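Just so it is clear: chains get the letters A, B, ... in the order the sequence lines come, proteins before strands, and each one is counted from 1. This is a predicted model, so every value here is computed, not measured.
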Amino acid sequence: MTNSLTEEQRKALDTVDKAAATPDVEQPWAALGMKEDEYEAVRKILERRPTGSELAMYSVMWSEHCSYKSSKVHLRQFGEKTTDEMKEHLLVGIGENAGVVDIGQGWAVTFKVESHNHPSYVEPYQGAATGVGGIVRDIISMGARPVAVMDPLRFGAIDHPDTLRVLPGIVGGIGGYGNCLGLPNIGGEVSFDPCYQGNPLVNALAVGTLRHEDIHLANARGNGNLVVLFGARTGGDGIGGASILASDTFTEGGPTKRPAVQVGDPFAEKVLIECCLDLFKADVVQGIQDLGAAGLSCAFSELASNGDGGMLVHLDRAPLRDSTLAPEEILMSESQERMMAVVTPEDLPGFLEITTRWDVEATVMGEVTDTGRLVVLWHGETIVDVPPRSVAHDGPVYDRPYARPDWLDARQADTPDKLPRPSEDELGALVVRMAGTPNLASRSWITDQYDRYVQGNTTQAMPDDAGVIRVDEESGLGVAIATDCNQRFAALDPYTGAQLALAEAYRNVGVAGGKPLAVTDCLNFGSPEDPAVMWQFAEAVRGLADGCQTLGIPVTGGNVSLYNQTGSTAIHPTPVVGVLGVLEDVARRTPSGWKSAGAQLFLLGTTRAEFAGSEWAWSQHQHLGGLPPQVDLEAERALAAVMVAAANDGLVVAAHDLSDGGLAQVLVESSLRYGVGATVSLEAACERDGVDAFTLLFAESTARAVVAVKPEAMQLFTQACLANEVPVVALGSTGGESLTVTGHFSLELDELRTAHESTLPQALNA
Amino acid sequence: MRIGVVTFPGSLDDRDALRAVKIAGGTPVPLWHGDEDIKGVDAVVLPGGFSYGDYLRCGAIARFAPVMNEIIRLAGPPTQVSSGLPVLGICNGFQVLTESHLLPGALVRNEKQQFICRDQKLRIERTGTTWTNGYEQGQEIVVPLKNGEGGFVADDATLDMLEGEGRVVARYLEVNPNGSYRDIAGVSNASGTVVGLMPHPEHATEAGYGPEVNNGTDGLAFFTSALQGVLSA
């Protein structure tokens, strides 16, 4: 694009001078998704009308997705409720591309979860694939090597036609992109619920590792430093979504139809990862930012805003896939696999040497200035001249009205107490049936499409409670990560539901032997313009922030996804929570199944008759009502402390947290994991907790786990439980080829395996 | 005892192969796709991944990388009976070897059209190769398998020739994960120096990081075999 403009093009170009001279030109702010007062605010900031390019930048950067304008007032709690003590391990907090946590020995870990829900509904394969790509670039831009991914997924009912339309593509896209990047997929979730029909949730988590001194931030400092765009060329994909497509004024003379979903090229991203790591190693990068939502608009304005406040760029230097793109489109394009770096003039040759080695195209777009203005030129004409902070950070903030939905009382009053309980002789059959419900059945049809081995550091992945990877090959230092959310609990009470999601992820990490350190979240909700949804959101954020404060682990970053609804029906509130923990030596992790006979089984925690929102109530009675299980974060903390210590001391051979499906499901899964059965007796636990066998097997009370203990360590283990005030009761022992609950039923593992493993293939191979 | 591992753009298991060489007791030497020079290594591993994005056909572009010129020259023609440079192609590396015509046949999209990652049982059918001499004839091992295009195909005459000459190195047991003809998981050239294998022995070399079976180290003998072979050569 070195050709100069024709006289005609120059005349048509909307420059700053022209904008100042023609204040009354009609502008397509509404079609770009802006509100009238937002447009007026831009005019006030600029003291003139914006140019077309400026309008494009403000409209995408002030969108809900980029500005968090509806959620910001609530999200502040995450910062406000993070005490200094909680910041002890926090090297970089909320606000950067991803949070960074100190895990010791000079190592740090960065992790974050994001949503790619709407693109995945429109185009399942590419939508899900680029979701992985986007979160991985966030991790790279912190200076880290990406080392693993996880995917919390939610679909409509398993037998709904749209589930069959989107699921194979979404799973294929995650595998196709993640496998090709060489990132092990170590966990996540899959949940089926009719509320996601027409709005599947595709969340993607990535984790990266780095040395403390390698942290990089997204800012443009140093007057005269160069702004370099590198990676893939800019194309017409992913431009601003449907609103921009509606505006013909932007595409005169150019292609008229643009796909709103980006198209991924994992090979380009893999090369970009290695290239970036070499750039970091050579220390030739001052600041770095990935290009995701809002593309160049975001990168220019955020880098400038976070740095010295000024930048001058020549937009016509951007390498294009499509030479007919207008400057507005180039600014808004969300083409994948692009990065932007700030480089000193002295370092530029070294920088270009590395990009050339990796065959990555790099272009000096402009430079950092001390003018306090972001100035964008197009063939020498000024088309943008704005204070960068006004674009990146000072967008509108809405305190939207919220109100507790009036239907919630009726839902909470509709308790599961009235549901018929199974008779004694139906218990065994119920265990088998539950093991095969869509939400409890084996996920291997999905997870077998993901590479869990690449990089050689995965020591635990699906179907274990938490993914565990080694960070330091010498010492065995590593991390455990789990993501969780039971949307039915959140639908019954979003405050409690968010805390239950946190509690479950925390428990999963602790039970695997990881000491929980930090939290990331992906808050998936309906429309913020619906006061009921806004109330759910506010409650969930408050619950999560309070919960994190109680547990003493900070939220380090995450993502908000709103407008997840079909027509006026919102999804259940779905605050997905990821917890990261550290293990001094991953060799001492605790797997979720027992490998041999003779281990002694214990049940930790207290069981209550809590069935509201449970898998039993939902799958057997299609019932959703009542109040979710009690949250007891002190009990969770004690449970995790016992399990981390027991793992370190080598007392336990297996442990599995109790959540969906309760004790019965854990006995099934832990027996099937390595094909070793168990014989248990429920009497002692039932008597102590005052519950019947059915309740002990299927209730979903929190802060519980089943633990398989080495026979010689039984006394030490039970003493540790008592010392930490964790209720402990003996259940039985491992061994045999069946799961026997003495006095109730005995089930062959083969029968359980068939029930557990056939559901997904039968539904999805159709 | 220096074993080179080639990194193509898009290679993924290169660092894992380097680690496996080190665990086996060899000296790992990183090789770069753009270099003609293979730094005088005694053997070469072509690792798994998606070289050059696997665009066009898996391995089809990598086959023309500058480093492959030297490897193809030193490995010698596939029918040659005297020994050339030992080369192990794993997964994508196997695809590069067939594209290079160092090995016969081709690897096509999995029968079920899906990427698959699983702990795979194999039977070692030929121990007379540089890479399998440390196994027992007929030994059953479990190593990870992860591929989208791992179906080994060839015409009947070629398959009969491979069987007849004892050049089927490993076969899938219990589950044929990708529709490979005659359950073939790996083949060799005539002299046994060049081996292509679809599953990943480098991911079964370190206890705790491979399959649950046998400590997860069933793949280590591929690398120790090569060291033995190179030492005694």
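- Interface check for chain B: of the options A:Cys180, A:Pro591, A:Gly182, the most heavy-atom pairs under 4.5 Å are formed by A:Cys180.
- A cation-pi arrangement is present between A:Arg470 and B:Tyr209, with the terminal nitrogen or guanidinium carbon under 6.0 Å from the aromatic centre and inside a 45° cone about the axis.
- With a 4.5 Å cut-off on non-hydrogen atoms, A:Tyr453 touches chain B through its backbone and its side chain both.
- Only the side chain of A:Val586 comes within contact range of chain B, with at least one heavy atom under 4.5 Å from a heavy atom of that chain.
- Annotation for B:Lys39: atom NZ counts as buried by contact number, over 12 foreign heavy atoms lying within 6.0 Å.
- Contact tally against chain A (heavy-atom pairs below 4.5 Å) for B:Gly210, B:Gly34, B:Gly48, B:Gly216: the top residue is B:Gly210.
- Between chain B and the residues A:Gln460, A:Glu269, A:Glu473, the most heavy-atom pairs under 4.5 angstrom are made by A:Glu473.
- Here the CD-CG distance, from B:Gln113 to B:Asn110, works out to 8.0 Å after rounding to the nearest 0.5 Å.
- Only the backbone of A:Thr458 comes within contact range of chain B, with heavy atoms under 4.5 Å apart.
- Interface summary for chain B: among A:Thr459, A:Asn179, A:Asp359, the most heavy-atom pairs under 4.5 angstrom belong to A:Asn179.
- Evaluation of the side chain to side chain contact (heavy atoms under 4.5 Å, CB included) rule for A:Leu277 yields A:Arg145, A:Ile273, A:Glu274, A:Phe280 as partners, not counting sequence neighbours.
- For the residue pair A:Asp451 and A:Asn185, no side-chain donor N or O sits within less than 3.5 Å of a side-chain acceptor on the partner.
- Between B:Tyr52 and B:Phe8, the ring-plane angle classifies as tilted under the 30° and 60° cut-offs.
- Among B:Thr205, B:Asp119, B:Asp13, the residue making the largest number of heavy-atom pairs under 4.5 Å with chain A is B:Asp119.
- Ranked by heavy-atom pairs shorter than 4.5 Å toward chain B, the options A:Val271, A:Val454, A:Ile469 are led by A:Val454.
- Comparing B:Arg118, B:Glu206, B:Lys112 by heavy-atom pairs within less than 4.5 Å of chain A, the highest count is held by B:Glu206.
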